[in-house]
Number of protein chains: 2
Amino acid sequence: MYELFFEEFNKKVPLTAEEQEQIKHYLTPKKLRRKQYLLQEGDVCKFIAFVEKGALRAYSVDENFTENIIQFALEGWTISDLYSFLTGEPAVYNIDALEDSELVLISKSAHEEMLQTIPKYETYTRLNITGAYLAMQRRITTIISSTAEERYQDFINLYPHIAQRVPQHMIASYIGLTPETLSRIRKKLSSGR
Amino acid sequence: MYELFFEEFNKKVPLTAEEQEQIKHYLTPKKLRRKQYLLQEGDVCKFIAFVEKGALRAYSVDENFTENIIQFALEGWTISDLYSFLTGEPAVYNIDALEDSELVLISKSAHEEMLQTIPKYETYTRLNITGAYLAMQRRITTIISSTAEERYQDFINLYPHIAQRVPQHMIASYIGLTPETLSRIRKKLSSGR
DNA sequence: CAAATCTCTTGATTTAAATCAACGGGTTTT
DNA sequence: AAAACCCGTTGATTTAAATCAAGAGATTTG
């Protein structure tokens, strides 16, 4: 249990066996069926979820019932409405499972206690958030300065594994396009380039 | 010296007088004239800069010599090409001063040594990057799901002080518009709403 | 297994924003 | 103080992407 979680943790900050045991006590496993919610808009986000298996997404829904995909999380990734988690404000995102999934949950109290008592957990947290920040900065740069076609290419290069598992219209949303536009871009790319 | 830096630090993580002294040894002051570069694309970013006074921007320049503004930093904010700083890769951004500015620089070695030896510095770093991450997520959400007009309104609400000090065409770039489009949006907003 | 729901595609049309171009007022710069 | 540059505005035109609409396979669900 928690194999992948600790594999990823050790990649960032190597742990002794004892430290690993200590951290285990703060973790909670959770299984989620496809289409089940982990979090709904308006609820307070009470955990950070690490994906051991499966795939999730975070998204908002606007006035016209259009879904805006904010984030995907496959195996080895972490997902949460971090703003809600940190501030206690109601979540602005929904998070649900795109496939049957297995998660490792870190509750708010577990998170805070580990930050206070396990220095390596703070380092782990810092490295995680730093990585997420850099990925997001890249995403903004791409969105602001690239055409639709370039954005799609960039996405495919960066996340080929996501492209294979996730419906196309969600990818369209993630890169800020309508499904129709993405369909046409793909057609163009596949045919005469 | 370093008044604002420590004011902001203490807001996030309260320091004793001794800790403050200890940290001071790792800091370097730097003055920058308007239009001077702090960092040029291609150089390795060797510091994190905290703005005591003045205003800076980070931006890239594309094939058509168009500037893409990635970030503004006024008093109390931090600016850097974090990817370059952390990995040692050449910077993809330029950073220069929009006004005569006074900075506090933290070199890479100072940063790493403080992370190792001063737990409160790691906490400070974690909180900083977390805040930057949340701000960036908000920015992405706005860009992906809002019209040009909404993006501008959002910017004005969030950063009224930047809007007052920075040329309009840079704000246009920051929110992903051409200067002409922003000019027209402003006209529309100021007249008949 | 039939119905319902998803998902992607294609076509026609509209629309928001970019592009191209020119101008006038400011502000540096020399 | 003249020249050069920077900045915002406005107009005409183009273009990329959105919207509206319909249909055809897949897949899920009852």
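All heavy atoms count here, side chains included; hydrogens, waters and symmetry mates do not. Each chain gets a letter, A, B and so on, in the order the sequences are listed, and its residues count up from 1.
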Could you check which residues of residues 140-147 of chain A get a heavy atom under 4.0 Å from DNA chain D? Sort them by number, please.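 A/Thr147, in order of number.
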
Of the residues in residues 158-179 of chain B, which ones touch DNA chain D at a heavy-atom distance under 4.0 Å?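 Residues of residues 158-179 of chain B under 4.0 Å from DNA chain D: B/Pro167, B/Gln168, B/His169.
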
If you compare every side-chain N and O of A/Lys187 against the phosphate oxygens of C/dT9 (OP1, OP2), does one of them come in below 4.0 Å?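 Answer no for this pair, as no side-chain N or O of A/Lys187 is under 4.0 Å from OP1 or OP2.
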
Kindly say if B/Thr181 contacts the phosphate of C/dA17, meaning a side-chain N or O under 4.0 Å from OP1 or OP2.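 Looking at the OP1 and OP2 atoms of C/dA17, neither is under 4.0 Å from any side-chain N or O of B/Thr181.
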
Nearest whole Å is fine: how far is [N] [atom2] from [X] [atom1]?
X	N	atom1	atom2	value
A/Asn68	D/dA18	CG	P	12 Å
B/Ile185	C/dA18	CD1	P	8 Å
B/Phe65	C/dT19	CZ	C1'	17 Å
A/Glu67	C/dC6	CD	C1'	12 Å
B/Lys188	C/dT15	NZ	C1'	12 Å

Can a salt bridge be assigned to the pair A/Glu102 and A/Lys30 using a cut-off of 4.0 Å between side-chain N and carboxylate O?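 Between A/Lys30 and A/Glu102 there is no salt bridge, as every charged N stays at least 4.0 Å from the carboxylate O atoms.
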
Ion pair A/Asp96/A/Arg57, N-O distance below 4.0 Å: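 Judged by the 4.0 Å cut-off on N to carboxylate O distance, A/Asp96 and A/Arg57 do form a salt bridge.
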
With sequence neighbours excluded, tell me which residues meet ring-ring contact (aromatic ring centres under 6.0 Å, His included) with A/Tyr159.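 Testing A/Tyr159 for ring-ring contact (aromatic ring centres under 6.0 Å, His included), a comparison that skips the adjacent residues, returns A/Phe155.
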
Using the salt bridge (charged side-chain N to carboxylate O under 4.0 Å, His left out) criterion, which residues pair with A/Lys120? Sequence neighbours excluded.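 Residues passing salt bridge (charged side-chain N to carboxylate O under 4.0 Å, His left out) with A/Lys120: A/Glu19.
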
Please name all residues satisfying salt bridge (charged side-chain N to carboxylate O under 4.0 Å, His left out) with A/Lys24, sequence neighbours left out, ordered by chain then number.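 So A/Lys24 forms a salt bridge (charged side-chain N to carboxylate O under 4.0 Å, His left out) with A/Glu21.
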
Pairs touching residues 157-174 of chain B that satisfy salt bridge (charged side-chain N to carboxylate O under 4.0 Å, His left out), sequence neighbours left out: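 Listed by first then second residue: B/Glu75-B/Arg165, B/Glu99-B/Arg165.
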
Sorted by first residue and then second, give each salt bridge (charged side-chain N to carboxylate O under 4.0 Å, His left out) pair with at least one member in residues 134-146 of chain A; sequence neighbours left out.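 Those involving residues 134-146 of chain A are A/Arg138-A/Asp154.
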
Counting only N and O atoms by type, is there a donor-acceptor contact under 3.5 Å from the side chain of A/Asn94 to the main-chain atoms of A/Glu41?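 Yes, the answer is positive, given that a donor and an acceptor are paired below the 3.5 Å cut-off.
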
Kindly calculate the angle separating the two end axes of the helix from C/dC1-D/dG30 to C/dC23-D/dG8, each obtained from five base pairs, and round it to 10 degrees.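 Nearest ten degrees gives 50° for this helix.
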
Would you check, one step at a time, whether the test side-chain hydrogen bond (donor to acceptor under 3.5 Å, both in side chains) holds for A/Ser173 with A/Glu67? CA-CA 7 Å; A/Ser173 167; A/Glu67 291 175 354; over 6 Å; no

Starting from the 5' end of DNA chain D, give me the residue, B/Ser183 or A/Leu182, whose nearest nucleotide shows up first.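 Comparing both residues, the 5'-ward one is B/Ser183.
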
Report the hydrophobic cluster partners of B/Val51, with the cluster defined as I, L, V, M, F, W, Y residues connected by side-chain heavy atoms closer than 4.5 angstrom, directly or transitively.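 Members other than B/Val51 - counting any ILVMFWY side chain reachable under 4.5 Å - are B/Leu32, B/Leu38, B/Leu39, B/Phe47, B/Leu56, B/Ile79, B/Ile95, B/Leu103, B/Leu105.
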
Mind checking who shares a hydrophobic cluster with B/Val92, ILVMFWY linked at side-chain heavy-atom distances under 4.5 Å?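 ILVMFWY cluster around B/Val92 also holds B/Ile70, B/Tyr93.
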
Are B/Phe9 and B/Tyr124 near enough that their ring centres are under 6.0 Å apart?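 Under 6.0 Å, so yes.
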
Begin with the C-alpha distance, continue with both residues' side-chain angles, and end with the deciding distance and a verdict on side-chain hydrogen bond (donor to acceptor under 3.5 Å, both in side chains) for A/His111 and A/Tyr26. CA-CA 8 Å; A/His111 179 70; A/Tyr26 289 106; over 6 Å; no

Mark up nucleotides 20-30 of chain C, 5' to 3', with B wherever a protein heavy atom is under 4.0 angstrom from a base atom, S wherever such an atom reaches only the sugar-phosphate, and - elsewhere. BB---------

Checking contacts here: which listed nucleotide (C/dA17, D/dT9, D/dA17) is nearest the side-chain heavy atoms of B/Arg186?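 Of the options given, the side chain of B/Arg186 lies nearest D/dT9.
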
For residues 84-91 of chain B, tabulate all N or O donor-acceptor pairs below 3.5 Å that involve a side-chain atom, not counting sequence neighbours.
unit_1: B/Ser84; atom_1: OG; unit_2: B/Cys45; atom_2: N; d: 2.8
unit_1: B/Ser84; atom_1: OG; unit_2: B/Glu89; atom_2: O; d: 2.6
unit_1: B/Thr87; atom_1: OG1; unit_2: B/Tyr83; atom_2: O; d: 2.7
unit_1: B/Thr87; atom_1: OG1; unit_2: B/Glu89; atom_2: N; d: 3.1

